[in-house]
Amino acid sequence: MAKSSKDRDRRAVVEQMRRDQQRSERRRTIAVISACAVVGALIIGFAAVPLLQQRSRASQALTDVGVGAGSCQDVVKKKATGSQQHQDEGTTIDYPDSPPAFGPHYPVTAPFGRTFYTADDRPEVEYLVHNLEHGYNLLWYDETIAEDEDQLNAVKAIAAKFEGNGPTNKFIAVPWTAEDGKAFPAGMHVAMTHWSVGGDAAKPAQQGVWQYCKAPSGAAVSTFTKDYPYTDSPEPSAA
């Protein structure tokens, strides 16, 4: 009887150990599953943030993107020259203004329909000046903007408002680098340019138009593009 009692005690101890081990394994399994769920949720959350930000920017009105128009200087103009003055592709053309709003240019334009470039893929300035002759408004951003993620995203959001091949979408945002020419006026990091036909239809007096801003301003872009539409250019009918 004593032996049988001892056997029962040993079996009880072994059974208790087995149950304890099972509970411990269940706790570890639950902990691992919970940790995986948390990590998965974080991964999904991080992946969703850019998409949500993109959707948020897309839903913004142009006038709400970036800073207010008060960050910009007054529009300046000067007599424009260079219409239909085509230079061979590959020729370096020195433009006196930073950035140019008119001047001699290559015989072909930068691609129509694309509205945003970085320093890695931007066409040469000489192509872009030809776009100006055809009624484009160009937004130039300097290296200060290029190195600031938030401000560069504002430029992208502004450019996205003009996507499409219609004539009213003649807009491109492009970088201006130290290799292109002198810096913008002190404290200014964005420039908008337009090649205006100026005057009246009978006596046109072409003008280059500039407006410099401290930071990207959708409100300023909205006003500038309305004041200087593609129709106000030497060759507005070019596709």
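Since the structure is predicted, the reported quantities are computational estimates derived from the model, not experimental observations. This chain uses plain numbering: 1 for the first residue, then up along the sequence.
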Joint cluster assignment, Tyr141 & Leu62, ILVMFWY side-chain distance < 4.5 Å: yes

Shared hydrophobic cluster for Trp140 and Val67 (ILVMFWY, side-chain gaps under 4.5 Å): no

Reported CG-to-OH distance for the pair Asp180 and Tyr95, which is rounded to 0.5 angstrom: 11.0 Å

Rounded distance (nearest 0.5 Å) linking atom OG of Ser222 with atom CG of Asp64: 10.0 Å

Side chain to side chain, Ser217 and Phe224, heavy atoms closer than 4.5 Å: no

Flag side-chain contact, heavy atom, 4.5 Å: Thr109 against Tyr136: no

Shortest non-hydrogen separation from Glu163 to Asn169 and the atoms involved: O-ND2, 3.2 Å

Euclidean distance, Trp195 CH2 relative to Leu138 CG, rounded to 0.5 Å: 11.5 Å

Heavy-atom closest pair, residues Ala154 and Val65: O-CG1, 3.5 Å

Over all atoms of both residues, closest heavy-atom pair of Ser83 and Gln206: CB-OE1, 3.6 Å

Donor-acceptor under 3.5 Å (Arg26 side chain, Arg28 main chain): no

Intermediate values then yes/no, side-chain contact (heavy atoms from CB on, under 4.5 Å), Met192 and Val221: CA-CA 8 Å; Met192 291 179 286; Val221 169; 3.5 Å; yes

Gap between atom OG1 of Thr92 and atom CD of Glu124 - 0.5 Å precision: 8.0 Å

Side chain to side chain, Thr225 and Lys161, heavy atoms closer than 4.5 Å: no

Side chain Thr115, main chain Ala159, donor-acceptor under 3.5 Å: yes

Side chain proximity check, His86 to His105, heavy atoms < 4.5 angstrom: yes

Shared hydrophobic cluster for Ile145 and Leu139 (ILVMFWY, side-chain gaps under 4.5 Å): yes

Whether Tyr228 and His194 hold their rings parallel, tilted or perpendicular, with breakpoints at 30° and 60°: tilted

Contact summary for Ala220 and Ala69, nearest pair of heavy atoms: N-CB, 4.0 Å

Option passing side chain to side chain contact (heavy atoms under 4.5 Å, CB included) with Pro104 (candidates Val129, Asp94, Ile93): Ile93

In one Ile/Leu/Val/Met/Phe/Trp/Tyr side-chain cluster, 4.5 Å: Phe184, Ile172: yes

Value rounded to 0.5 Å, distance of NE2 in His189 from CD in Glu147: 11.0 Å

Student check: side-chain heavy atoms of Phe162 and Asn137 closer than 4.5 Å: no

Minimum side-chain heavy-atom gap Val125-Trp176 below 4.5 Å: yes

For Glu89 against Pro107, the heavy-atom pair lying closest together: CG-CD, 4.1 Å

With a 3.5 Å cut-off and sequence neighbours excluded, list the donor-acceptor pairs that the side chains of residues 208-216 form with protein atoms.
{"residue": "Trp210", "atom": "NE1", "partner": "Pro99", "partner atom": "O", "Å": "2.7"}
{"residue": "Gln211", "atom": "NE2", "partner": "Gln73", "partner atom": "O", "Å": "2.9"}
{"residue": "Tyr212", "atom": "OH", "partner": "Ser98", "partner atom": "O", "Å": "2.7"}

Value rounded to 0.5 Å, distance of CG in Leu132 from OH in Tyr127: 15.5 Å

Min side-chain heavy-atom separation Arg122-Leu128 under 4.5 Å: yes

Residue pair Gly198 / Asp232: nearest heavy atoms and the distance that separates them: N-OD1, 3.6 Å

